[in-house]
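Worksheet: the structure to be examined is printed underneath.
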Amino acid sequence: MKRVKDMVAEANAVVSHAPAAEMLGSHGQEGVTFVDLRDPRELDREGMIPGAFHCPRGMLEFWIDPESPYAKEQFQSGGQFVFYCASGWRSALSARVAQEMGLEGVSHITDGFAGWKKAGGPVAERPKKG
């Protein structure tokens, strides 16, 4: 059986990544989209990076593919994408998949949202729908 830790290591070998402390400077820059892959309950409980685009992990491939009926314009815009999850595992796998699908400018936060908070990054409540 292939282990998740091995899959994450393989993803990190081919995808750009850095700890949150190094990614803080990218926040708020023109053309940089932070992509939150966490479950909606995690966002409600812990908040999220202000201005981040929420893409539940289960929808990632469908939202990236421009031919999918679920394609999202955020992924068709070009620019840079910084993926993050709670601790950097889902984001590593997601960044690899996004890169394999042809999305350019993809990276991820290796220590995730936990690292972001520890590094003093800004946190906001999840925007309410409606």
Validation row: [X], [Y] side chains within 4.5 angstrom (heavy atoms):
X	Y	value
Cys85	Glu42	no
Val97	Glu61	yes
Gln74	Cys55	no
Val123	Phe113	yes
Leu37	Tyr84	no
Phe75	Asp65	no
Leu43	Asp36	yes
Trp116	Ile109	yes

Show the nearest heavy-atom pair for residues [X] and [Y], with the distance to one decimal.
X	Y	result
Ser107	Ala95	O-CB, 4.3 Å
Thr110	His17	CG2-ND1, 3.0 Å
Leu24	Ala119	CD1-O, 3.6 Å

Q | Stepwise side-chain contact (heavy atoms from CB on, under 4.5 Å) check, Val82 with Val32 | A | CA-CA 7 Å; Val82 179; Val32 178; 4.0 Å; yes
(Q) Walk me through whether Arg57 and Ser94 qualify under side-chain contact (heavy atoms from CB on, under 4.5 Å). (A) CA-CA 7 Å; Arg57 175 59 190 98; Ser94 298; 2.9 Å; yes
Q: Take Leu60 and Phe83 through the side-chain contact (heavy atoms from CB on, under 4.5 Å) test and state the conclusion after the steps.
A: CA-CA 11 Å; Leu60 181 67; Phe83 288 70; 3.6 Å; yes
Quick one: [atom1] on [X] to [atom2] on [Y], what's the gap to the nearest 0.5 Å?
X	Y	atom1	atom2	answer
Gln99	Ile64	CD	CD1	11.0 Å
Met59	His54	CE	NE2	11.0 Å
Arg45	Arg38	CZ	CZ	8.5 Å

Does [X] belong to the same Ile/Leu/Val/Met/Phe/Trp/Tyr cluster as [Y], with side-chain heavy atoms less than 4.5 Å apart forming each link?
X	Y	value
Val106	Phe53	yes
Trp89	Met48	no
Val35	Met101	yes

Q: Keeping the roles fixed (side chain from Asp111, backbone from Pro19), state whether a donor-acceptor pair exists under 3.5 Å.
A: no
(Q) Please check this pair: side chain of Ser68 against backbone of Phe62, looking for a donor-acceptor N/O pair closer than 3.5 Å. (A)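 Yes, the answer is positive, given that a donor and an acceptor are paired below the 3.5 Å cut-off.
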Q) Relative to each other, are the rings of Phe34 and His27 parallel, tilted or perpendicular (30° and 60° limits)? A)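 Plane angle over 60°, so perpendicular.
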Q: Would you mind checking if Arg126 and Glu46 are paired as a salt bridge, meaning a charged N to carboxylate O distance below 4.0 Å?
A: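 A salt bridge is absent here (no side-chain N lies under 4.0 Å from a carboxylate O).
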Q: Could you walk me through whether Phe81 and Glu104 pass the side-chain contact (heavy atoms from CB on, under 4.5 Å) test, one step at a time?
A: CA-CA 8 Å; Phe81 297 92; Glu104 296 180 6; over 6 Å; no
Q) So with a 6.0 Å cut-off around CD of Glu125, is the heavy-atom count from everything else above 12? A) no
Give every donor-acceptor pair under 3.5 Å between a side-chain atom in residues 2-13 and any protein atom, sequence neighbours left out.
residue: Lys2; atom: NZ; partner: Glu10; partner atom: OE1; Å: 2.9
residue: Asn12; atom: OD1; partner: His108; partner atom: NE2; Å: 2.6

